[in-house]
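These notes concern the structure reproduced below.
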Amino acid sequence: MTTHFKPFNTLFLESQSILEPKGKVITRRLSDMAELYQDQKSAQSLMDENPLVYEVFNVEVPESIEHIQHCITVLYPGKVGEEFFMTKGHYHEILNRAEIYFCFKGEGKLVMQTQDGDYEELDMKPGTISYVPPNWAHRTVNTGEEPFVFFAAYPGDAGHNYGDIEKIGFRKVIVNESGEVKTVDNPRYQLS
Ligand SMILES: O=P(O)(O)OC[C@H]1O[C@H](O)[C@H](O)[C@@H](O)[C@@H]1O
Ligand SMILES: [Fe+2]
């Protein structure tokens, strides 16, 4: 028996950051991820304001291997201390699942690492297609002054493993240093 799933379109209304039809939206404010930033004093001082860091607009498809999850992320500009706003970052729960990003607005970095401690980063700007191979944790960082907007697609069963990144962190952090975007060592990073 074949399972029948009907083709469908989704429309992203960029100027309003709205998906039609509206799927599941994930909203992350600073309070949802404050402990991930280096400068805890600055994080605490922003907590009253509790800025919106990013929103993920998910197209709803089944979470199984035959399907392809896809979503639009809008990562807002901002900093905690000198560290740029970023996503939480994750490995896939099924570690060897890959992901593709397509940037269509703003600018940023895609930072990645493996459990062995390999580290890579890629610049993203409108038109960039980035490939996250199997086994790489991934996080995006908004290094610009406007919303950084990108599309992502990944196998339906991939899942999100946040725990390892919460514990270990990424090897590097992306900061503003006298107006320049710099990649520096993360003193809190520990190889598991
Ligand atoms: O899940 P986070 O690490 O917070 O990143 C936010 C989002 O970024 C990308 O768009 C991924 O494809 C999503 O699966 C992810 O949810
Ligand atoms: Fe992912």
Side-chain angles (χ1 to χ4, degrees), residues 10 12 14 17-19 22-37 43 50-65 67-78 80 83-115 119-126 128-144 147-174 186 189:
T10 307
F12 179 55
E14 198 204 308
S17 290
I18 290 174
L19 266 197
K22 187 173 185 280
K24 196 174 131 218
V25 181
I26 297 168
T27 300
R28 297 225 213 271
R29 295 189 169 272
L30 181 60
S31 59
D32 299 312
M33 55 182 305
E35 62 290 344
L36 296 177
Y37 289 93
N50 198 15
L52 180 57
V53 181
Y54 59 102
E55 293 172 290
V56 184
F57 301 90
N58 289 286
V59 176
E60 299 209 55
V61 301
E63 294 182 354
S64 55
I65 184 66
H67 286 275
I68 299 174
Q69 297 289 336
H70 49 296
C71 58
I72 299 274
T73 302
V74 180
L75 175 53
Y76 292 98
V80 176
E83 192 175 359
F84 292 106
F85 276 10
M86 60 192 182
T87 58
K88 285 179 74 169
H90 57 268
Y91 285 98
H92 288 148
E93 227 162 77
I94 301 184
L95 186 62
N96 68 3
R97 296 299 192 247
E99 185 155 340
I100 292 168
Y101 286 87
F102 175 67
C103 174
F104 55 90
K105 197 174 170 202
E107 61 188 292
K109 284 191 185 284
L110 174 56
V111 304
M112 290 160 284
Q113 76 186 18
T114 66
Q115 290 177 326
Y119 176 87
E120 292 284 333
E121 69 183 47
L122 294 171
D123 289 323
M124 289 172 68
K125 61 179 187 193
T128 307
I129 301 169
S130 306
Y131 186 54
V132 181
N135 308 315
W136 289 79
H138 39 288
R139 162 183 285 166
T140 42
V141 182
N142 186 343
T143 55
F148 173 33
V149 185
F150 54 89
F151 172 83
Y154 51 98
D157 65 344
H160 294 78
N161 164 8
Y162 295 106
D164 290 355
I165 292 301
E166 280 164 6
K167 277 194 289 227
I168 298 161
F170 277 84
R171 221 168 90 184
K172 309 272 182 184
V173 292
I174 313 295
N186 175 4
Y189 168 78

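When a ligand or atom number is given, it counts from 1 through the structure's own listing order.
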For ligand 1, find each of its N or O atoms that sits under 3.5 Å from a protein N or O atom, and tabulate the pairs with distances to one decimal place.
unit_1	atom_1	unit_2	atom_2	d
ligand 1	1 (O)	H90	ND1	3.4
ligand 1	1 (O)	Y162	OH	2.5
ligand 1	3 (O)	G89	N	2.8
ligand 1	3 (O)	H90	ND1	2.8
ligand 1	4 (O)	R28	NE	3.4
ligand 1	4 (O)	R28	NH2	3.4
ligand 1	4 (O)	Y54	OH	2.4
ligand 1	10 (O)	T73	OG1	2.6
ligand 1	12 (O)	E99	OE2	2.4
ligand 1	14 (O)	Y154	OH	3.2
ligand 1	14 (O)	H160	NE2	2.7

Considering all heavy atoms, the nearest N135-Y91 contact: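 Closest pair (atom of N135, atom of Y91, distance): O-CE2, 3.8 Å.
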
Is the shortest distance from a Lys or Arg side-chain nitrogen in R29 or D32 to a carboxylate oxygen in the other one below 4.0 Å?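 No, this pair does not count.
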
Does E121 come within less than 4.0 Å of K172, counting only side-chain N to carboxylate O?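 Not counted as a salt bridge, because no side-chain N and carboxylate O are separated by less than 4.0 Å.
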
Show, in sequence, the C-alpha distance, side-chain angles and deciding distance for F12 and F151, and conclude whether the ring-ring contact (aromatic ring centres under 6.0 Å, His included) test is met. CA-CA 10 Å; F12 179 55; F151 172 83; 9.6 Å; no

How about H138: does one of its N, O or S atoms come closer than 2.8 Å to the Fe ion (ligand 2)?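 Under 2.8 Å: H138 contacts the Fe ion (ligand 2) through an N, O or S atom.
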
Might you work through the ring-ring contact (aromatic ring centres under 6.0 Å, His included) test for Y101 and F150, ending with a clear yes or no? CA-CA 7 Å; Y101 286 87; F150 54 89; 5.1 Å; yes

Nearest 10° is fine: what angle sits at the Fe ion (ligand 2) between NE2 from H92 and NE2 from H90?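 With the Fe ion (ligand 2) as the vertex, NE2 (H92) and NE2 (H90) sit 110° apart.
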
Does a donor on one side chain sit under 3.5 Å from an acceptor on the other, for H92 and H160?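 The answer is no; no qualifying pair exists.
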
Answer yes if the side chains of Y54 and R28 hold a donor-acceptor pair under 3.5 Å, and no otherwise.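 Looking only at side-chain atoms, R28 and Y54 do form a donor-acceptor pair, the distance falling under 3.5 Å.
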
By atom name, which N, O or S atom belonging to E99 lies closest to the Fe ion (ligand 2)?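 Looking at E99, the N, O or S atom with the least distance to the Fe ion (ligand 2) is OE1.
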
